[in-house]
Each structure stands twice: as structure tokens, then as C-alpha cells.
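Worth knowing before you read on, the calculation uses all heavy atoms, side chains too, and leaves out hydrogens, waters and symmetry mates. Each chain gets a letter, A, B and so on, in the order its sequence line appears, and its residues count up from 1.
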2 protein chains.
Amino acid sequence: MVRKTVDGQIRNKERTKIKLIEAVGAIIRTEGYTGLGVNNIAKYAGVSKKLIYRYFENVENLIEAYVLNKDYWTNLNGKVNQLIELNKDDYGKTLASITLVDLFDKLMNDDETRKIILWEISEKNELMKEVSTLREIMGSKLFALTDPIFKEKDDDIRAIYALLLGGVYYLSLHSHAAGGSFCEINVENDEGKERIKNTIEKVIEWMFSKASETS
Amino acid sequence: MVRKTVDGQIRNKERTKIKLIEAVGAIIRTEGYTGLGVNNIAKYAGVSKKLIYRYFENVENLIEAYVLNKDYWTNLNGKVNQLIELNKDDYGKTLASITLVDLFDKLMNDDETRKIILWEISEKNELMKEVSTLREIMGSKLFALTDPIFKEKDDDIRAIYALLLGGVYYLSLHSHAAGGSFCEINVENDEGKERIKNTIEKVIEWMFSKASETS
DNA sequence: TTAATATGTCACCACTTAGTAACAATTTGT
DNA sequence: ACAAATTGTTACTAAGTGGTGACATATTAA
């Protein structure tokens with residue numbers, strides 16, 4: 001027989017798992033992904049590290065549980081159908097702009113998200129490969145929205161988006177590490193931020209207006 | 001009296017220092033900057049780690065010696081005036097394209113350069129701040145070339161360039177870490193690479209053609 | 001040739017790391 | 001109430017970290 005999982009006041013499996021997962025977040029926020037060791041996580045959670053192995057097998061799985069819960073794109077997953085419905089009219093033009101600009105804002109302000117991005121590009125990492133793949137699935141749903149208008153054009157909306165998205169990632173990382181200006185723009189102040197956002201919108205706008213031209 | 005620094009066959013201060021500095025390069029190439037510990041560097045150099053402290057005081061100084069010795073970005077500095085002269089005709093349009101596309105190729109193939117970029121955005125690092133500043137000086141000379149044509153336009157060539165350059169950095173980093181596709185483009189194969197390069201050229205082309213329109 | 005000094009190695013320190021075995025205590029089902 | 005299973009802690013490996021003092025020896029200057 002399968003016994004009910006322990007749910008007492010003193011011993012409680014689920015509560016402990018949550019403690020561990022939230023410890024991961026706390027560490028990423030304060031120390032960055034380099035602080036994600038078994039000992040440190042257990043210390044933050046106030047619990048024995050043995051339990052990490054018992055409940056998650058290894059640290060990787062624990063972190064995966066955390067990251068999947070936190071990721072910007074995978075979180076959009078729940079809203080994606082709604083978003084698609086709302087953005088059918090302009091073939092996803094507004095959506096493309098908004099997601100990039102929003103993500104830029106989020107990354108500039110949210111240490112946690114930024115450090116996950118950094119972690120993702122830092123090392124050959126099977127976990128991050130999975131996260132990355134999940135994001136792609138999300139993304140393909142959104143690109144399906146834009147395809148009708150770009151169908152027979154040689155303008156490559158995916159390539160444009162990849163470059164802009166990568167640019168957004170990089171700019172936020174750069175500004176929080178080396179800092180200072182980048183291409184003579186300082187995204188640490190509002191004026192710099194606005195220039196980037198306006199340019200993102202302008203490029204997207206241009207792409208779509210070109211694509212909708214009668215050929 | 002100051003004695004001549006030892007220059008024998010068995011003991012040789014300068015030779016050892018070079019060994020250590022080159023060990024840093026070898027490690028960055030093979031393991032990335034995370035492998036830059038005292039023990040590891042000494043092992044690569046085939047020398048006692050004690051000497052790192054004796055000759056460089058600490059690991060930071062040793063790494064600084066390496067990066068400055070490599071002179072990545074200041075090396076470009078020598079060619080800058082020549083490049084400007086050659087690209088006056090089209091206000092730097094070709095140059096803007098070429099530098100981005102070339103850099104993309106370089107980053108996709110050169111582990112060392114890519115890992116230094118990664119290091120630069122990974123941590124608050126005074127040394128990397130310096131390198132970053134040097135690059136900005138370089139860049140401003142190139143933007144001087146484009147300014148006449150963009151002068152009274154509200155298109156922001158610096159913001160476009162920042163996004164594209166950041167995009168190039170990010171795409172190369174992503175493909176060597178998580179890998180797989182990004183925005184449904186896989187830059188690990190030639191088809192993906194070409195799509196990115198073509199799009200870079202197209203965006204630059206568009207920017208300049210818009211800027212040169214009579215208003 | 002000899003003494004002084006620079007160079008290099010080795011063994012060790014205290015600390016941190018990932019991971020495990022043995023054990024104690026709580027919760028569950030009977 | 002009591003046994004069985006689950007949850008949690010402690011203490012312990014074995015290996016790796018940055019850093020240092022003691023010592024051996026190659027090189028230099030005399």
C-alpha cells in the first residue's frame with residue numbers, strides 16, 4: 001500500500017521541498033548561480049542537505065524545479081492562447097513589440113531572471129537545454145501568428161527577433177556587470193532605456209510594414 | 001645592490017611568468033573563466049602555485065597580466081584610422097555590416113574571445129570595465145563616420161547597433177552553451193548562420209537607406 | 001670558490017565541497 | 001497502542017580550495 005505523504009507539524013515533505021526550492025531563489029538573488037551548492041542551499045533552507053538528494057536526487061533537478069517555475073517564457077505558456085486570440089488582428093506585431101520591451105524592463109530590474117539567463121549561457125548544461133527547448137515550443141506558437149504575413153517574403157522575422165531578443169538579453173547583462181555605456185548608450189539611465197525601447201518598436205514596425213506591402 | 005633577475009636554464013623568473021600567463025589562456029580556452037583557480041593554473045603551467053603569489057601577488061593580477069598582454073581590443077585600435085579612411089564613401093554603411101558579420105564569425109569559432117565576453121558580463125569586474133571603456137573609444141571613432149547621414153534623423157543608429165551587436169554576442173554564447181535553436185533558428189549550422197548574417201546586413205541597409213531619404 | 005640571494009618544490013594548514021551511512025524522531029495505518 | 005514507514009539530523013568520508021612556511025638548489029656577484 002502507498003502511504004499518504006507525511007503532513008505533520010514537525011515533519012512535512014511538501015513543506016520541506018518548498019523550502020528547498022525557495023532557497024534556490026534566495027541564493028540566485030543574493031549570490032548568483034555560483035552559490036548554488038548543496039551545502040549552501042541546505043543552509044538557506046534550514047534543512048539537512050541529505051534531503052536534497054532524497055527528494056530531488058541531485059542539485060540539478062532541484063534547480064530545474066525552481067527555474068521552470070520562474071522562467072519568463074514558460075510562464076507565458078498559460079496565457080499564450082489568450083495572447084494569440086488578442087493579437088490576431090495585426091498578425092502579432094504589437095505582441096512582438098510588447099514582449100521584447102517588457103522583457104527588457106523585467107531584465108533590467110529583476111536580478112533573479114537576469115542571473116538565470118546568465119547561467120544559461122555560461123556552461124554546457126543539460127538542464128538549461130531543456131528550459132531552452134520549452135521556450136522554443138512557446139515561441140513557435142507565437143511565430144505561427146506572424147507567419148501568414150511573412151509567408152512569401154524573404155524578410156526573416158525569426159532572425160530579426162533572435163537578434164533583438166539576444167540584444168535585449170545582452171544589454172541587460174552588460175549594464176549590470178561591466179556597466180557604463182555600450183555603443184555610446186547607457187541603458188542604466190532612463191534616456192538610454194527609452195532609446196533602446198523605441199528602436200525595438202521601430203524595427204518591428206518596419207518589418208511588418210515592409211511585409212504587408214503589396215509585392 | 002639589485003641583482004640581475006635569474007635567467008638560468010633551470011630557474012628563470014621571466015620564463016615562469018610567461019608559463020603562468022599562458023596557462024591562463026589555455027584554461028580560458030578549454031574550461032572557461034570558471035577554471036581560473038590557483039591550483040589549476042599552477043597545474044597547467046607545470047609550476048608551483050606558490051610562484052603565482054610570489055610573482056603576481058594574487059590570481060587577479062595574473063589574469064589582468066594575461067588579458068592586457070593579449071590586447072584584443074586595443075589591437076583593433078591600430079587599424080581603425082585605416083578603416084575609417086576606406087569607408088568614408090558610404091558613411092560607414094559597409095563597415096557597420098562587415099564588423100558585425102565578421103565579429104559573429106569570429107565569436108562562433110573562437111572559444112577564447114567568446115569566453116572573455118562571457119566573463120565580462122558575468123561579474124562586477126574593474127578590469128573588464130577598463131576593457132569595455134577602451135572599446136567604447138574605438139566605437140566612437142566609427143560612429144563619427146555615420147553621424148553626418150543620421151544627423152537630423154530620429155533613427156538611432158547607435159541603438160540599432162547596440163541591439164545587433166548584443167544580439168551577435170548573445171547568439172554566439174547561447175549556441176555554445178544551451179545550444180539548439182533560438183527563435184527557431186539554429187546558428188550551429190550554416191543555414192542558421194547565413195540567416196543571421198543576411199538579416200544583419202538587411203537591417204543596416206534599411207537604416208542607411210531610410211536615413212539618406214530626402215526628408 | 002664561496003656566500004648571498006633568487007627561484008622552485010613540498011608538505012601542510014584551515015576551510016569548503018559533494019555525497020553517504022547510521023541513527024533518531026514523527027507520522028501513518030492497523 | 002504499536003509496528004512500519006517516512007522524515008530529518010548528525011557525523012563522517014574523500015577530495016578540492018586558497019594560502020603559507022620550511023627547505024633545497026640554481027644562479028649571481030664577489
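Along DNA chain D, the nucleotide closest to V59(B) and the one closest to T5(A) are compared, and the more 5′ of them pairs with T5(A). Between L36(B) and R11(B), the residue anchored nearer the 5' end of DNA chain D, judged by the nucleotide with its closest heavy atom, is L36(B).
Candidate nucleotides dA5(D), dT7(C), dG8(D) were compared by shortest atom distance to the side chain of R3(A), and dA5(D) ranks first. With dT27(D), dT7(C), dG8(D) as the choices, the nucleotide that has an atom nearest any side-chain atom of Q9(B) turns out to be dT27(D). Comparing dA22(D), dG18(D), dG19(C) by their nearest atom to the side chain of Y53(A) picks out dG19(C). Here the side chain of I10(B) is nearest to one of dT9(D), dA26(D), dT7(C), namely dA26(D).
K19(B) and E22(B) are not joined by a salt bridge, as no carboxylate oxygen comes within less than 4.0 angstrom of a charged side-chain nitrogen.
Here T16(A) reaches the OP1 or OP2 of dG8(D): one of its side-chain N or O atoms lies under 4.0 Å away. Dashed line: the shortest gap from a side-chain N or O of K13(B) to OP1 or OP2 of dT7(C) is under 4.0 Å. Distances shown here put a side-chain N or O of Y55(B) below 4.0 Å from the OP1 or OP2 atom of dG8(C). Applying the 4.0 Å criterion to OP1 and OP2 of dT28(D), one finds that K4(B) has a side-chain N or O inside that range.
Rounded to an integer number of Å, the gap from R54(A) CZ to dT9(D) P is 10 Å. Whole-Å rounding puts the L51(A) CG to dT20(C) P distance at 14 Å. With rounding to whole Å, E14(B) atom CD is found 15 Å from dT27(D) atom C1'. Straight-line distance from the CG atom of N61(A) to the P atom of dG19(C): 12 Å, rounded to whole Å. Across the protein-nucleic acid pair, K50(A) atom NZ and dT9(D) atom C1' stand 11 Å apart, rounded to whole Å. Rounded to whole Å, the distance from CZ on F56(B) to C1' on dG18(D) is 17 Å. Between E31(A) atom CD and dT17(C) atom C1' the separation is 14 Å, expressed in whole Å. dG18(D) atom C1' lies 13 Å from atom CD of E60(B), rounded to whole Å.
Side-chain atoms of N186(B) and E191(B) include no donor-acceptor pair closer than 3.5 Å. When only modelled atom types and interatomic distance are considered, S122(B) and Y33(B) share a side-chain donor-acceptor pair under 3.5 Å. For the residue pair Y44(B)/E31(B), the side-chain donor-acceptor check at 3.5 Å is satisfied.
Contacts between residues 39-49 of chain A and DNA chain D, defined by a heavy-atom separation below 4.0 Å, involve V47(A), S48(A), listed by number.
Contacts classified as side-chain hydrogen bond (donor to acceptor under 3.5 Å, both in side chains) and involving residues 93-105 of chain A (residues at least two apart or in different chains) are given here: D90(A)-T94(A), K93(A)-E205(A), T99(A)-Y161(A), D105(A)-K197(A).
Partner of V24(B) under the side chain to side chain contact (heavy atoms under 4.5 Å, CB included) criterion, out of L20(B), I21(B), I28(B): I28(B) alone. Each of D111(B), I117(B), D110(B) was checked for a side chain to side chain contact (heavy atoms under 4.5 Å, CB included) with R114(B), and the lone residue meeting it is D111(B).
Between Y170(A) and Y170(B), a ring centre-to-centre spacing not shorter than 6.0 Å is recorded.
Looking at heavy-atom distances under 4.0 Å, N58(A) makes no contact with the nucleic acid at all.
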